[in-house]
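Notes to accompany the following structure.
All values below were derived from every heavy atom in this structure, side-chain atoms included, with hydrogens, water molecules and symmetry-related copies excluded. Every value quoted in this text rests on a predicted model; they were computed, and no experiment measured them.
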Amino acid sequence: MFTFSCPVSFSISCSSSNGNIQNHGDYRVNINVNGSSCTRRPIKHHTLLNEVGVKEGSTSLSAIQFLENGHISEEKIRQRIPRQKQLVDPYRQGLITERGVGYRQTVVVRSYEVGPDKTATLESLLNLFQETALNHVWMSGLLSNGFGATHGMMRNNLIWVVSRMHVQVDHYPIWGEVIEIDTWVGASGKNGMRRDWVIRSQATDSTYARATSTWVMMNEQTRRLSKMPDEVRDEISPWFIQKQAINEAVPDKIVKLDDKAKHVNSDLKPKRSDLDMNQHVNNVKYVRWMLETIPDKFLECHQLSSIILEYRRECGSSDVVQSLCQPDEDESFANGVQQNLLTNKVLVGGNGRLGSLDINTLTYSGYTHLLQTTGETQNEEIVRGRTRWNRKICTGL
């Protein structure tokens, strides 16, 4: 049977079967990949325990839970979740910024993160936002076993859910480009938290995209929204920054669409791969359902510049979803503008930028979106959305 070993050193008091307290000394732990067996032999290294915040000689409850009756669990060894604040993460190319409370991660745009035009897709940007947010919590030393949940949240059976997100994109990164993603958190009312992001090019220092989001807490068992406990507020409030990536004085409400919407895509069913660790459909999947309802002819000639999402309820694996969208302007007008641009022969290269277009000839189009469950008695809203689009003229016209 294949095994791997990780050198650690610990001294812990454990009670034997007869009730006597024995000291088991320092050990190296060898754990089978399937976790079925464990062997020990003495050694004097303690790198791993230091990383996760368990001090040598500790007999605290947290140390005993971490060591699981004298043995480090395979999951803890593989994850290496730190229990103390880290300043640099060489594995994720991340570091703490903003006087010790912000986070920056350097990322290379990979081939599977770009579309046919070799620029990063909106879904890829949203995935990067989610990943850097989780890594920020990881570096803080507050991450428990949950999906971004702190230790206090786990004790209260709470999870994070996003209630609103606003993304603005000026330029889309291209394949192979090195980008830097900054993220930080701030207060949002009494029971919410705001998280912001900024994406920049490492080569030019140009700002490519900005995003802001609002998060609230939900009870994992009852699936109801919850107030923020004082112990959780004490955990996260020292990390708050009074800075916003997007200034939203009074956010506009998104109108609710009805069955008269121009474009409808019904019978959408979540797949098992669409679920996240909180057992509901990941919010990136919502965006895909929304964009797939827009006509292909429009998508071929436009590039998304902003999206606002207002989340109403979670979507589970058994839900059947309907996607509705309504253009802000009549599509015949958009076709007329397209013909005008064809006549002027305006071309843009495939570098992720809109290129040098006169502002008077560049048109902005928008869609209003709604995802809802379809039921026998009534439909329930999942998320409302609004998208704005810039005219994208392709080469070879």
Side-chain angles (χ1 to χ4, degrees), residues 51-54 60-68 73 75-76 78-86 89 92 94 96 98 100-103 105 126-127 129-165 183-197 211-242 275-284 286 309 311-316 383:
E51 286 185 8
V52 296
V54 179
S60 65
L61 178 61
S62 61
I64 294 176
Q65 290 174 338
F66 177 83
L67 293 168
E68 296 187 357
S73 69
E75 180 179 351
K76 292 293 191 300
R78 293 172 64 183
Q79 288 183 317
R80 294 194 176 191
I81 299 177
R83 298 180 65 87
Q84 298 175 348
K85 180 178 179 180
Q86 310 292 309
D89 185 348
R92 296 170 183 80
I96 293 296
E98 295 284 354
V101 292
Y103 177 73
Q105 185 167 337
L126 294 175
N127 282 323
F129 290 153
Q130 178 176 282
E131 184 67 14
T132 51
L134 289 171
N135 291 342
H136 185 198
V137 183
W138 184 290
M139 294 277 286
S140 70
L142 298 177
L143 183 63
S144 188
N145 289 334
F147 196 34
T150 66
H151 304 293
M153 292 175 64
M154 292 295 291
R155 285 190 289 269
N156 289 273
N157 295 317
L158 298 176
I159 60 175
W160 286 115
V161 290
V162 59
S163 63
R164 190 175 189 276
M165 177 168 281
T183 184
W184 62 92
V185 292
S188 178
K190 292 183 178 180
N191 297 301
M193 183 183 75
R194 190 193 72 252
R195 177 173 285 279
D196 290 18
W197 297 266
T212 186
S213 60
T214 304
W215 298 76
V216 293
M217 294 183 183
M218 174 188 286
N219 187 289
E220 188 174 18
Q221 296 176 343
T222 65
R223 314 308 284 187
R224 294 181 179 275
L225 297 183
S226 171
K227 293 183 178 180
M228 183 182 296
D230 290 338
E231 67 169 318
V232 176
R233 183 176 289 105
D234 292 341
E235 284 179 319
I236 65 177
S237 60
W239 293 82
F240 287 172
I241 300 177
Q242 297 300 320
L275 303 181
D276 60 22
M277 288 186 279
N278 288 332
Q279 302 303 312
H280 57 218
V281 176
N282 190 284
N283 65 82
V284 177
Y286 297 154
L309 302 168
Y311 298 89
R312 304 288 170 158
R313 69 179 292 270
E314 62 180 340
C315 177
V383 58

Interatomic spacing from [atom1] in [X] to [atom2] in [Y] - rounded to 0.5 Å:
| X | Y | atom1 | atom2 | result |
| --- | --- | --- | --- | --- |
| Asp196 | Thr183 | CG | OG1 | 7.5 Å |
| Asn283 | Cys315 | CG | SG | 12.0 Å |
| Met277 | Leu134 | CE | CG | 6.5 Å |
| Trp215 | Ile159 | CH2 | CD1 | 10.5 Å |
| Ser237 | Met193 | OG | CE | 11.5 Å |
| Gln221 | Met218 | CD | CE | 13.0 Å |

Is there side-chain contact between [X] and [Y], with heavy atoms separated by less than 4.5 Å?
| X | Y | result |
| --- | --- | --- |
| Tyr103 | Arg92 | yes |
| Trp160 | Met217 | yes |
| Arg194 | Trp184 | yes |
| Pro229 | Leu158 | yes |
| Val281 | Leu275 | yes |
| Thr222 | Asn157 | no |

(message) Hydrogens and angles aside, do Gln130 and Asp276 bring a side-chain donor and acceptor to less than 3.5 Å of each other?
(response)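 No.
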(message) Looking only at side-chain N and O atoms, does Glu235 offer a donor or acceptor that is under 3.5 Å from a partner on Thr150?
(response)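 Short answer, yes.
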(request) Apply side-chain hydrogen bond (donor to acceptor under 3.5 Å, both in side chains) to Arg313 and list each qualifying residue two or more places apart in sequence or on a separate chain. (result)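 Arg313: no side-chain hydrogen bond (donor to acceptor under 3.5 Å, both in side chains) contacts found.
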Which pair of non-hydrogen atoms, one from [X] and one from [Y], has the smallest distance, and what is that distance?
| X | Y | result |
| --- | --- | --- |
| Gly148 | Val137 | O-CG1, 4.0 Å |
| Met228 | Gly192 | CE-O, 3.9 Å |
| Met154 | Ser144 | CG-OG, 3.1 Å |
| Val383 | Leu309 | CG2-CB, 4.1 Å |
| Ile96 | Val101 | CG2-N, 3.8 Å |

(message) Strictly by salt bridge (Lys or Arg N to Asp or Glu O under 4.0 Å), give each pair with a member in residues 216-229 just once, sequence neighbours left out.
(response)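 Passing the test, one end in residues 216-229: Arg223-Glu314.
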(message) Could you work out, with salt bridge (Lys or Arg N to Asp or Glu O under 4.0 Å) as the rule, every residue matching Glu131, not counting sequence neighbours?
(response)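 Applying salt bridge (Lys or Arg N to Asp or Glu O under 4.0 Å) to Glu131 gives none.
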(request) Output all residues satisfying salt bridge (Lys or Arg N to Asp or Glu O under 4.0 Å) with Arg155, sequence neighbours left out; order by chain, then residue number. (result)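 Counting only residues at least two positions away or on another chain, Arg155 forms a salt bridge (Lys or Arg N to Asp or Glu O under 4.0 Å) with Glu231.
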(message) Test of understanding: with ring pair (Phe, Tyr, Trp, His ring centres under 6.0 Å), list the residues that count as partners of Trp197, not counting sequence neighbours.
(response)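 Phe129.
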(message) Can you list everything that forms a ring pair (Phe, Tyr, Trp, His ring centres under 6.0 Å) with Trp239? Sequence neighbours excluded, please.
(response)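 Once residues adjacent in sequence are excluded, the partners of Trp239 under the ring pair (Phe, Tyr, Trp, His ring centres under 6.0 Å) criterion are His136.
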(request) Evaluate side-chain contact (heavy atoms from CB on, under 4.5 Å) for Asn191 paired with Arg233, printing each intermediate quantity in order. (result) CA-CA 9 Å; Asn191 297 301; Arg233 183 176 289 105; 3.9 Å; yes
(request) Look at the side chain of Ser163 and the backbone N and O of Thr214, then say whether any donor-acceptor pair between them is shorter than 3.5 Å. (result)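 Side chain of Ser163 to backbone of Thr214: a pair is present.
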